[in-house]
Amino acid sequence: MHVVLESLDAGAVRAVWCDDAGTPAEELELDRDELPELVAETEAEESPRWVWSDTAGWYPPLLAAGVRVDRALDLRLCRRILRLAEGAAGTPIATLPRDAWDAPPPPAAQGGGLFELERGAPPGDAVAELARQRAAVAASREPGVLALLLAAESVGSLVAAEMSHAGLPWSAERHRAILEDLLGSRDGGSRPDRMEALAQRIRDELGAPGLNPDSAPALLKALQVAGLGVQSTSRWELQEQRHPVVAPLLEYKKLHRMLTANGWHWLDEWVHDGRFRPVYVVGGVVTGRWASDGGGALQLPHSIRGAVVPDPGWKLVVADAAQLEPRVLAAMSGDAAMARAGQAVDMYEGIVRSGAVADRQEAKYGMLGAIYGGTTGASARVLPRLTRAFPAAMGLVERAARDGEQDRRVRTWLGRTSPRRGEGAADGPAAYDETRTDAERRRAQQDARSWGRFTRNFVVQGTAAEWAMCWMGALRSRLWSMGEREAPAGAVEPFARRPHLVFFLHDELIVHAPEELAEEVAEAMRVSAAQAGRMLFPAAGVEFPVQVAVVDRYADAK
DNA sequence: GACCACCGCGCG
DNA sequence: AAAGCGCGCGGTGGTC
């Protein structure tokens, strides 16, 4: 059963009950204020799949009113997937002209009090769009697989909204202590004192009294004048130099980064009432990974993770999927030898034991090189040995790279399809066009290879993102049923006494859990990971172990 | 003053 | 030790 929600004008909403093909049966019009009550009642009695234009618009106000939903379909996210999906090519949804459903999502609601209508016009008739999408899935090559992708993407959108709602527990006090400890104290508007002292040392060592070390061009000039043979001010180049300025400069750069990215200003802007509430952009990356908008949620430096602390009586349960991408590659390629290596808790050790490489380091760089398309250094050196040991797995990424180079599109395990290469002058045909100059041809080939590295990585990174969404979806259900024993139904705050997800970082999840449930949550994270593996790869025989830590500070996990 | 490209670095 | 993939963000210095 689907219930489609649509915005009407004048603060009204229409709820339309549809069957699984998207055919409407009955409908109800109501005031926006009445929506949370309707959703809560319908949820309890019928457990439908809610269908709406976008979760980021509809769900936050429901959460703010204390209503959690179990299942949803985010039509805008699904439209984007179906538009490009090779499996649905030829269906009307792939060929119809661009319309409002293709428009980028409106900015996410802040504060949870705004409904979709107030964030910009809704894209149109949601009932019709649901029917179009259901028809496209039904007509596609693998309806079940594509349907799983749409469901996974949608559950991701629910989790994103719920995590923003709950927030990542954050101690401003601890954060300030970390800043003072590392950067020094700041009085007035100038640099914190440890940074200012370092800046002065840099000026002294370079003999450049007026130098502002924050200015890359000025710094580069000063470095060159002082006799350092560097072409840039980047860390890896500086590290090769033997000069007394290097140590204070690298230290200064580290502190400067911390000050500008996660300093006092960031704290004031992003942490309120003991919570950091980032805005996640589900499907914001071409591969299907999430992006974030503001706050740099997906770049939280390790040095600041000591400020992430649970509420009194609660714990953080931090789980990290070990070697996710190599395991995904083993599973999707059906490479029996690599799958065997993937049965080890540490897959890189498993690869060492297979005899293909000498040590863990080689296994790691070799695998990353295979997945990213490394052409130099250690990863290139071990590539031939990996190819001999794991022909099916290496064949899969090589094929993906060739497909990209030759302008064929590639797809993830669940059918997310890579975009077509841009229409730039240097693209595609120029590589083979005899009338082009040598330079043009070289550049085109360069671009083709670069696109090949993208498609090579797309299939693995994208499938890993699909695994992660299945993991979080499975975990979300378990957490909710676990919490049922703790929280009275219909509590105003759905997560007040229940373990709930608070952070997601590509292959890592954090649950904020009542202390007495922490171990049970840890087990749920492991079980959900295994479940996600079976969901995607029923026959692969690859394990998806997660490292779990129950901690009082995020920094203490691993 | 608004906008943009580039650099450099944080994360996976 | 860095490289090959995917991102977001702040600072600087250029353009309009």
Side-chain angles (χ1 to χ4, degrees), chain A residues 191 211-221 230-241 249-250 252-263 265-266 269-270 278-305 320-326 328-329 361-362 364-383 397-398 400-401 404 410 412 416 418-419 446 449-465 467-468 503-509 554 558:
Chain A
R191 291 189 180 89
L211 175 68
N212 169 17
D214 299 344
S215 166
L219 179 59
L220 181 59
K221 235 174 239 135
V230 291
Q231 301 304 311
S232 78
T233 66
S234 64
R235 191 179 53 209
W236 65 269
E237 207 175 343
L238 286 167
Q239 273 165 349
E240 321 235 302
Q241 301 290 321
L249 182 51
L250 292 179
Y252 179 86
K253 283 158 88 69
K254 207 183 243 147
L255 300 187
H256 178 257
R257 167 75 194 184
M258 171 146 237
L259 172 66
T260 54
N262 296 99
H265 180 249
W266 180 91
E269 187 174 357
W270 288 100
V279 176
Y280 296 97
V281 186
V282 177
V285 179
V286 271
T287 57
R289 272 187 174 185
W290 292 12
S292 67
D293 184 13
L298 305 186
Q299 304 138 258
L300 268 195
H302 292 100
S303 53
I304 208 70
R305 295 184 181 183
D320 170 305
Q323 304 97 36
L324 178 57
E325 295 194 347
V328 160
L329 174 56
Q361 202 74 332
E362 270 195 354
K364 181 173 176 176
Y365 290 138
M367 286 307 299
L368 290 181
I371 293 169
Y372 292 160
T375 54
T376 60
S379 62
R381 270 203 305 284
V382 291
L383 217 59
V397 285
E398 286 299 328
V410 296
T412 61
R416 189 187 299 267
S418 64
Q446 205 95 59
R449 273 196 291 275
S450 155
W451 191 255
R453 285 194 300 273
F454 164 68
T455 51
R456 169 196 293 268
N457 184 249
F458 181 95
V459 295
V460 179
Q461 186 184 115
T463 303
W467 179 90
F503 197 58
F504 172 57
L505 195 53
H506 307 312
D507 60 359
E508 194 175 329
L509 284 170
Y554 184 16
K558 189 162 145 190

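The chains referred to below are lettered A, B, ... by the order of the sequence lines, with proteins before strands, and numbering in each begins at 1. Only heavy atoms go into these numbers, but all of them, side chains included; no hydrogens, no water, no symmetry mates.
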Value in whole Å for how far the [atom2] atom of [N] lies from [atom1] of [X]:
| X | N | atom1 | atom2 | result |
| --- | --- | --- | --- | --- |
| A:Gln299 | C:dG8 | CD | C1' | 4 Å |
| A:Met258 | B:dG8 | CE | P | 21 Å |
| A:Gln461 | C:dG4 | CD | C1' | 12 Å |
| A:Lys254 | C:dG10 | NZ | P | 21 Å |
| A:Arg449 | C:dC5 | CZ | P | 12 Å |
| A:Lys364 | C:dG4 | NZ | C1' | 14 Å |
| A:Arg305 | B:dC11 | CZ | C1' | 7 Å |
| A:Trp270 | C:dG8 | CH2 | P | 13 Å |

Pair A:Thr463-A:Trp467, side-chain contact (heavy atoms from CB on, under 4.5 Å): steps then yes or no: CA-CA 6 Å; A:Thr463 303; A:Trp467 179 90; 5.9 Å; no
Over 12 foreign heavy atoms within 6.0 Å of NZ, A:Lys253: yes
Verify the contact: side-chain N or O of [X] to OP1 or OP2 of [N], cut-off strictly under 4.0 Å; return yes or no.
| X | N | value |
| --- | --- | --- |
| A:His302 | B:dC11 | yes |
| A:Lys253 | B:dC9 | yes |
| A:His506 | B:dG10 | no |
| A:Thr233 | B:dG8 | yes |

Quick check for you: among [options], whose closest atom lies nearest to any side-chain atom of [X]?
| X | options | result |
| --- | --- | --- |
| A:Ser232 | C:dG6, B:dG8, C:dG10 | B:dG8 |
| A:Thr260 | C:dG11, C:dC7, C:dA1 | C:dG11 |
| A:Arg453 | C:dG10, C:dG4, B:dG12 | C:dG4 |
| A:Tyr372 | C:dA2, C:dC5, B:dG10 | C:dC5 |

Let me check something: any side-chain donor-acceptor pairs from residues 254-261 of chain A under 3.5 Å, sequence neighbours excluded? List them with distances.
residue  : atom : partner  : partner atom : Å
A:Thr260 : OG1  : A:His256 : O            : 2.9
A:Thr260 : OG1  : A:Arg257 : O            : 3.3

Earlier contact from the 5' end, DNA chain C, for A:Glu240 and A:Ala261: A:Glu240
DNA chain C: 5'-proximal contact among A:Arg289 and A:Gln239 (nearest heavy atom): A:Gln239
Would you mind classifying the nucleic acid contact of [X] as base, sugar-phosphate or nothing, using non-hydrogen atoms under 4.0 angstrom?
| X | result |
| --- | --- |
| A:Arg235 | sugar-phosphate |
| A:Gly295 | sugar-phosphate |
| A:Phe458 | nothing |
| A:Val460 | nothing |

Conformer about C1'-N of C:dG4 - syn within 90° of 0, anti elsewhere: syn
Using a 3.5 Å distance criterion without hydrogens, assess whether the side chain of [X] forms a donor-acceptor pair with backbone atoms of [Y].
| X | Y | value |
| --- | --- | --- |
| A:Arg456 | A:Ala370 | yes |
| A:Ser418 | A:Val410 | yes |
| A:Glu237 | A:Val230 | no |

Worked check of side-chain contact (heavy atoms from CB on, under 4.5 Å) between A:Leu300 and A:Asn262: CA-CA 8 Å; A:Leu300 268 195; A:Asn262 296 99; 4.2 Å; yes
Pairing string, 5' to 3', for DNA chain C - Watson-Crick or wobble contacts under 3.5 Å, brackets [ ] where pairs cross, | to another strand: ....||||||||||||
Option among A:Val282, A:Thr287, A:Val281 that satisfies the side chain to side chain contact (heavy atoms under 4.5 Å, CB included) test with A:Val285: A:Thr287
Audit row: A:Asp214, A:Tyr252, side-chain contact (heavy atoms from CB on, under 4.5 Å) steps and yes/no: CA-CA 9 Å; A:Asp214 299 344; A:Tyr252 179 86; 2.6 Å; yes
Heavy-atom side-chain contact between A:Arg289 and A:Leu298 under 4.5 Å: no
Atom of A:Gly369, atom of A:Ser379 and distance for their closest heavy-atom approach: CA-CB, 3.7 Å
For nucleotides 12-16 of chain C, give me every protein contact, N/O to N/O, under 3.5 Å, one pair per line with atom names.
residue : atom : partner  : partner atom : Å
C:dT12  : O3'  : A:Ser215 : OG           : 3.4
C:dG13  : OP1  : A:Ser215 : OG           : 2.6

